[in-house]
Amino acid sequence: MSCCCGDPEGFPPGRKGVPFLGCAPFVGSDAPRAFFNWSKDYGSIMSVRMGKKTWVVLNDYDSMYQAFIEQQSKASSRPLIPLLDQYNEGLGLGSVRYGEFFKANRSFGEKILRGAGIGAQTIEERVIEESGFLVDAIKAKSGKSFTTRFPLNNASCNVLWSILFGERADYDDASFNRLISALCKTINEDPGFPSTAISLMGLTPSLMNFPLFKGVNEEYLQNFKNLLKVFADIIDKHKETYSEKFSRGFVDAYVKEVKKGTPHFSYEQLVQFARELFNAGAQPTAGMVGWGLLCLIHYPETQKKLRAEINKVIGKGKVTTSSKASMPYTNAFIQELMRFRTMVIFTVPHETTEDMDLKGFKIPKGTTVLGNVWGVNNHPDYWEHAEKFDPERFIDENGDFIKSDHVVSYGIGGPRDCIGYHVAQLEIFIMLVSMVRKFEFLPDPDASDLPPIDKGAIGAFFIPALHKLVAKEI
Ligand code: HEM
């Protein structure tokens, strides 16, 4: 049975927008904020017509928890997203439908990203080694202003590359830098029409046929094809030099499964899976560390407190996560950073595989359900002055760190949360601590203003706009 507006009875209320496009023309360049504002009229669980489809958007912690954790058996698939499907053809991980193929590949990926089966060096050791190269690259700037994005992208790409292939590249390696540029082109990391258009085409596929969007999409698709070709070639080389006696990383471990004939493993899937881990992992992590450095120059008192704790707990010793439990301020800084600059603004869209009853609303099988990650990270019910960067909100009266469930930057949990959480957290902690211990970060003396702390590309990820700063060696 359906109600007068065409939605099934009991379906969450919401916005319909205009014929063909639905709400796309009203979303603007900041979709999570637009959805969150609409939820003030319709409630936390609301519907939004995007093109021909009506999505359900969850704008608070409780509804996301009930859908993605408590009813995970019903809400863990993925809808077909034409923008992504045109290059991944249903392979990879993030857009794969829930089922045996997904489970086999996800569980393999989880093991590898925890460090199993990729040779003797742990992931933490790889991150520590890479942080040393990052510090050296910044030292080489000799206190002159530099664009942070490049060494951070190099460092984060190297960590992923080392997990995938067991090797890293110097920061001036021309072919690796070309690969990083190819990656950046797939992300559209600069604010402007292309990054907004990609975000909107993900939500409303019909826009892909409109002239202005068509050009952006053609370029987007070509960039992905270029990146896929690079991965296919390198994986072919790894297949030729494969040996059962050692594993250089994810790719060797996966080749082993294909050779064994393990169901759901294939070379085509390997190319897409490896490409996707690189795509989904390298830039959000580099971007998060980049936002962290920006916060340090905007809040110099915070920078001082952070360094004081690092010096007290680690001093000149090796930076490892074994010190983390004794560093409440650093933990608070990182948790607030993840909340304040939400890198992945929505969950990847989920799809229901059965009818679902969500807090009294009826959500039929086959409905797209989106979690508003930015909305939860900024919800006034959990955060006083959410717009303020304030690590102290996570320090209790005894000076201890308060871990919060309401920071959902990696998703809320369940079978589709971020598979790279462990790697990203290692990188953010070890890279930031290693840099803050060695350098005082200061504004670029040649710039009239501080670089903006609220402007970035809101496409696939919320990446800081290109900016320069100074790192003065301590
Ligand atoms: C600061 C860094 C990162 C943030 C904020 C982040 C955030 C997220 C979020 C919000 C999701 C969607 C969860 C959902 O749909 O419910 C996700 C999914 C995913 N992330 Fe991350 N991520 C980060 C780093 C990484 C890294 C380092 C990797 C790879 C090594 C990675 C790989 C993925 C993949 C493959 C998925 C899809 C998982 C699936 O569908 O099963 N991410 N991430």
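Ligands are counted one by one from 1 in listed order, and the atoms in each one are counted from 1 as well.
- Backbone and side-chain nitrogen or oxygen atoms of Val348 are examined, and one is located within less than 3.5 angstrom of a nitrogen or oxygen of ligand 1.
- Shown in contact with Gly411 at under 4.0 Å from a heavy atom are these atoms of ligand 1, numbered in order with element: 10 (C).
- Heavy atoms of Ser409 found under 4.0 angstrom from ligand 1 belong exclusively to the backbone.
- With no hydrogens or angles considered, a side-chain donor-acceptor pair links Glu124 and Thr321 at under 3.5 Å.
- For the pair Arg339 and Trp383, the cation sits on the ring face: its NZ or CZ lies under 6.0 Å from the ring centre, inside 45° of the axis.
- Under 3.5 Å, the side chains of Asn217 and Gln86 contain a donor-acceptor pair of N or O atoms.
- Taking a cut-off of under 4.0 Å to the non-hydrogen atoms of Arg106, the atoms of ligand 1 that pass are 38 (C), 39 (C), 41 (O).
- Of all atoms in ligand 1, numbered sequentially from 1 with element shown, those under 4.0 Å from a heavy atom of Gly281 are 25 (C), 26 (C), 27 (C), 28 (C), 29 (C).
- Judged by distance alone, the side chain of Asp252 and the main-chain N or O of Arg248 form a donor-acceptor pair under 3.5 Å.
- At least one side-chain heavy atom of Gln272 sits under 4.5 Å from a side-chain heavy atom of Leu228.
- The only option from His385, Gln335, Glu336 that meets the side-chain hydrogen bond (donor to acceptor under 3.5 Å, both in side chains) definition with Arg393 turns out to be Glu336.
- In this structure, Phe68 falls outside the shell of residues with a heavy atom less than 4.0 angstrom from ligand 1.
- Residue Glu427 places no heavy atom under 4.0 Å from ligand 1.
- The ligand atoms of ligand 1 that sit less than 4.0 angstrom from a heavy atom of Ile419 are 32 (C), 33 (C), 34 (C), 35 (C).
- Annotation: cation-pi geometry not satisfied between Lys403 and Phe394 (NZ/CZ under 6.0 angstrom from ring centroid, within 45° of ring axis).
- Ile235 and Ala274 get closest at one heavy-atom pair: CD1-CB, 4.2 Å.
- Contacts with ligand 1 closer than 4.0 Å are made by side-chain heavy atoms of Phe102 only, the backbone lying farther away.
- Defined by atom type and a distance below 3.5 Å, a donor-acceptor pair is present between the side-chain atoms of Glu309 and Thr330.
- Among protein heavy atoms, the minimum distance from atom 21 (Fe) of ligand 1 is reached at Cys418 SG, 2.3 Å.
- For atom 16 (O) of ligand 1, the nearest protein heavy atom (residue, atom name, distance) is His350 NE2, 2.9 Å.
- Minimum heavy-atom separation, Phe461 to Asn279: CE1-O, 3.7 Å.
- Checked against a 3.5 angstrom limit, the closest N/O atoms of Thr347 and ligand 1 fall outside it.
- Looking at Glu276 against ligand 1, only its side chain comes within 4.0 Å, counting heavy atoms.
- Backbone and side-chain nitrogen or oxygen atoms of Arg416 are examined, and one is located within less than 3.5 angstrom of a nitrogen or oxygen of ligand 1.
- Proximity annotation for atom 2 (C) of ligand 1: of Gly94, Ala424, Ser95, Ser76, Ala424 comes nearest, heavy atoms only.
- Using a 4.0 Å cut-off between heavy atoms, Met288 contacts ligand 1 through its side chain alone, with no backbone atom that close.
- Taking any N or O of Arg78, backbone or side chain, at least one lies under 3.5 Å from an N or O belonging to ligand 1.
- Regarding atom 3 (C) of ligand 1, its nearest protein heavy-atom neighbour is Tyr410 CE2, 3.5 Å.
- No side-chain donor from either of Asn223 and Thr186 sits under 3.5 Å from a side-chain acceptor of the other.
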